[in-house]
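First comes the structure, then the notes that go with it.
The chains referred to below are lettered A, B, ... by the order of the sequence lines, with proteins before strands, and numbering in each begins at 1.
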2 protein chains.
Amino acid sequence: MAPATLKDVALRAGVHPGTASRALNPGTRALVNEQTARRVLEAAQALGYRPNPFARSLKTRNSYTVGVLIPDMTNPFFPPIVRGIEDRLAESGYTVFVGNTDNDPEREAAQLLRMRDRQVDGLIAATAELERHTLADAAAAGLPLVLVNRTLPGKGLFSVGVDDAAGVHLAVEHLVDLGHRHIAHVAGPERLSTGRNRYKGFVEAMEGAGLRPHPDVVVFADAFTEEAGVAAFRKLFATRRRITAVVAGNDLIALGGYDVLIERKLSCPQDVSIVGFNDMRFVDKVRPPLTTVRVPQYEIGRLAADILLERLRNPAAPPRTLRLAPELVVRGSTGPPPRRATR
Amino acid sequence: MAPATLKDVALRAGVHPGTASRALNPGTRALVNEQTARRVLEAAQALGYRPNPFARSLKTRNSYTVGVLIPDMTNPFFPPIVRGIEDRLAESGYTVFVGNTDNDPEREAAQLLRMRDRQVDGLIAATAELERHTLADAAAAGLPLVLVNRTLPGKGLFSVGVDDAAGVHLAVEHLVDLGHRHIAHVAGPERLSTGRNRYKGFVEAMEGAGLRPHPDVVVFADAFTEEAGVAAFRKLFATRRRITAVVAGNDLIALGGYDVLIERKLSCPQDVSIVGFNDMRFVDKVRPPLTTVRVPQYEIGRLAADILLERLRNPAAPPRTLRLAPELVVRGSTGPPPRRATR
DNA sequence: GTGCGCCCCGCAAACGTTTGCGAAGGATGG
DNA sequence: CCATCCTTCGCAAACGTTTGCGGGGCGCAC
């Protein structure tokens with residue numbers, strides 16, 4: 001049996017389809033007599049009427065869907081963000097399409113096209129790169145866009161994330177408090193706001209503590225991954241300079257660091273302390289449990305959705321950027337520096 | 001400037017919109033002259049024409065979308081499956097809606113309704129529970145459905161997963177080879193096919209090895225989570241019976257076991273060996289690295305998508321169920337049993 | 001009693017496709 | 001040379017909504 005259509009409920013309620021439409025939509029319900037509205041509602045209920053989203057979207061030109069672009073949902077950092085987005089948007093009747101870009105420009109462009117083809121009402125992206133303009137262009141072309149985690153400064157875009165520099169400050173202060181003076185940094189890629197801002201935060205914080213890190217003692221990883229972390233940590237430890245602690249660009253890089261420490265027969269935190277960034281799921285299970293800077297992933301997702309909804313309701317809404325305060329969570333990977341022992 | 005419509009390209013190509021439609025669709029292109037087809041294609045190209053999905057779906061009654069239901073995308077086991085699904089479906093022009101059910105019947109029903117409201121062409125679900133009929137009902141009502149990971153035996157449904165019993169066989173054989181004779185099982189919930197089949201596999205394998213596990217030595221966890229694992233492991237170790245190894249219902253339960261071992265000042269694998277199930281991401285990073293039964297998550301996703309596509313092309317296709325072979329990956333959490341030491 | 005305004009609702013167009021039907025025209029066979 | 005068929009394309013309906021427009025009816029004021 002074919003699903004009930006608007007005409008069916010109109011027929012059953014003894015009204016014109018147009019009237020039925022008005023009665024069914026909360027926004028226009030006031031235009032129809034209370035009695036008949038009730039009749040229509042009952043008819044709809046009785047027939048199990050569900051509006052056809054295509055007909056509706058065709059007419060109203062919006063789809064009640066939004067796209068979510070992330071590098072890779074297989075990276076445990078992102079799913080909580082996506083859930084935050086989904087949960088919030090579902091409350092307002094939206095559903096999301098998620099696309100993985102693998103940090104590849106072509107895939108990102110392809111996914112963006114997919115989203116446009118699907119006529120999403122808006123987009124939330126965690127894939128922004130500083131000198132890549134595809135997202136900014138889309139926003140400039142009128143696509144409601146909000147950035148999460150990574151930002152694109154100066155573009156007048158909506159965004160929500162954490163104060164990266166502040167987070168790194170927490171990390172180095174913690175290490176300094178423990179007595180460390182030889183602190184290194186394995187930064188994320190400079191082409192990402194997160195990589196760059198955490199790096200800047202690092203040098204600021206070190207200077208603030210009266211420490212002047214030698215250039216050899218900060219290296220940049222090619223990506224926010226374990227493999228890149230391994231490579232970068234290897235490079236870092238190739239230097240002859242003393243290192244008792246390192247703050248990593250994010251948790252995955254830190255985990256890569258774990259592997260390199262094992263390679264070098266160094267133990268953590270006895271020989272060198274490591275602190276990560278993000279507090280993604282499971283870094284408390286790893287050995288030693290990772291000291292890291294927590295970013296409230298789920299909440300960021302929810303807030304991003306909030307802002308997007310606001311923007312959708314009012315297209316003239318001025319760009320908002322939310323910078324949440326990170327929080328240090330200390331676990332087992334940090335401790336006092338060794339007393340001038342190895343290396 | 002409003003996006004180009006079919007009428008626009010027809011106008012530019014000097015043909016009727018109907019003809020343009022036929023020319024643009026590969027399936028009907030043969031119905032129009034090769035020359036004019038080319039003209040239409042060029043016009044479409046020039047105008048940057050993109051078909052309106054709503055108009056198309058309204059007419060053709062399919063949406064080129066499919067729903068994916070999982071318990072929780074925050075659980076690292078599922079994202080690779082979802083990516084497998086997405087990657088495969090994207091190749092055929094489909095995009096997916098994902099819904100999280102949190103293993104809650106009401107949420108599942110709600111998500112199912114959302115999917116139907118969105119008019120998905122099909123559904124892939126990882127949320128099947130043995131005595132819950134909502135998915136089976138939907139399938140019986142004509143919704144193309146394929147199950148992943150968990151099955152619903154006897155319902156004539158499409159499904160793809162791993163041979164759970166065989167996986168557990170590998171696990172206990174490995175332990176027996178190491179010399180273990182006192183092997184326990186912390187099973188998953190019996191209301192899930194995975195929980196039940198792995199449990200059955202356990203008793204079979206034990207019998208096959210000539211061992212008769214005491215009833216005290218198998219306990220059921222309430223869920224496939226760490227917390228439930230902790231509770232179940234505590235209960236397990238409350239017995240006075242000797243236990244030198246335990247096979248856990250899945251990796252998360254195994255991780256819960258890690259915590260309980262620490263509580264009891266037992267070390268793994270010196271005092272007790274643990275083997276997990278799934279080989280989800282990061283269980284190689286945990287300490288000790290978890291010996292576990294690998295299930296090819298990404299591949300399962302792709303295959304599920306394959307089967308669904310087949311079903312969509314041919315509605316009369318007979319139900320297929322794919323049982324992949326699991327594989328044991330041994331890491332650091334298993335070793336020979338202690339020589340009659342503690343407990 | 002007339003006129004005005006307001007509340008409700010019907011009418012029909014429109015959103016952008018797809019597709020069955022039929023016609024025009026050319027080719028082909030007898 | 002006529003009948004027939006095939007190819008190619010135009011025509012228009014249809015998919016299920018939303019929404020501007022207008023009209024009918026009623027109440028109220030004068």
- Nearest heavy-atom neighbours spanning B:V148 and B:A304: CG1-CB, 3.3 Å
- Would a distance-only check, ignoring hydrogens and angles, find a side-chain to backbone donor-acceptor pair under 3.5 Å from B:N25 to B:G27? no
Heteroatom pairs (N/O) under 3.5 angstrom, protein to nucleotides 22-28 of chain C:
none

- Would you say the side chains of B:R118 and A:T95 form a donor-acceptor pair under 3.5 Å? yes
- Item | Bend angle of the helix from C:dG1-D:dC30 to C:dG30-D:dC1, from helix axes over five pairs at each end, nearest 10° | 50°
- Positions of residues 31-46 of chain B (non-hydrogen atom under 4.0 Å from DNA chain C), listed by number: none
- Query: Is the backbone of A:I70 close enough, under 3.5 Å, to the side chain of A:T127 for a donor and an acceptor to pair up by distance?
  - Reply: no
- Query: Which word best sums up how the rings of A:F97 and B:F97 line up, parallel for under 30°, tilted for 30 to 60°, or perpendicular for over 60°?
  - Reply: parallel
- Reading nucleotides 15-20 of chain C from the 5' end, what letters show protein touch, with B for base, S for backbone sugar-phosphate only, - for no heavy atom under 4.0 Å? BBBBBB
- Give a yes or no answer on whether the side chain of B:N33 reaches the backbone of B:Q35 with a donor-acceptor pair at less than 3.5 Å. yes
- Message: If we ignore hydrogens and angles and just use 3.5 Å, is the side chain of A:T134 paired with the main-chain N or O of A:A109 as donor and acceptor?
- Response: no
- Task: Could you tell me whether B:E42 and B:R39 make a salt bridge, using a distance below 4.0 angstrom between a side-chain N and a carboxylate O?
- Result: no
- By salt bridge (charged side-chain N to carboxylate O under 4.0 Å, His left out), B:R132 pairs with (sequence neighbours left out) B:E108, B:E129
- Query: By side chain to side chain donor-acceptor pair (under 3.5 Å), which residues pair with A:D102, not counting sequence neighbours?
  - Reply: A:R107, B:R83
- Message: Test your reading of the model: is there a side-chain donor-acceptor pair from A:N52 to the backbone of A:A55, 3.5 Å cut-off?
- Response: yes
- Only one of B:E86, B:Q297, B:E91 clears side-chain hydrogen bond (donor to acceptor under 3.5 Å, both in side chains) with B:R302; which? B:E91
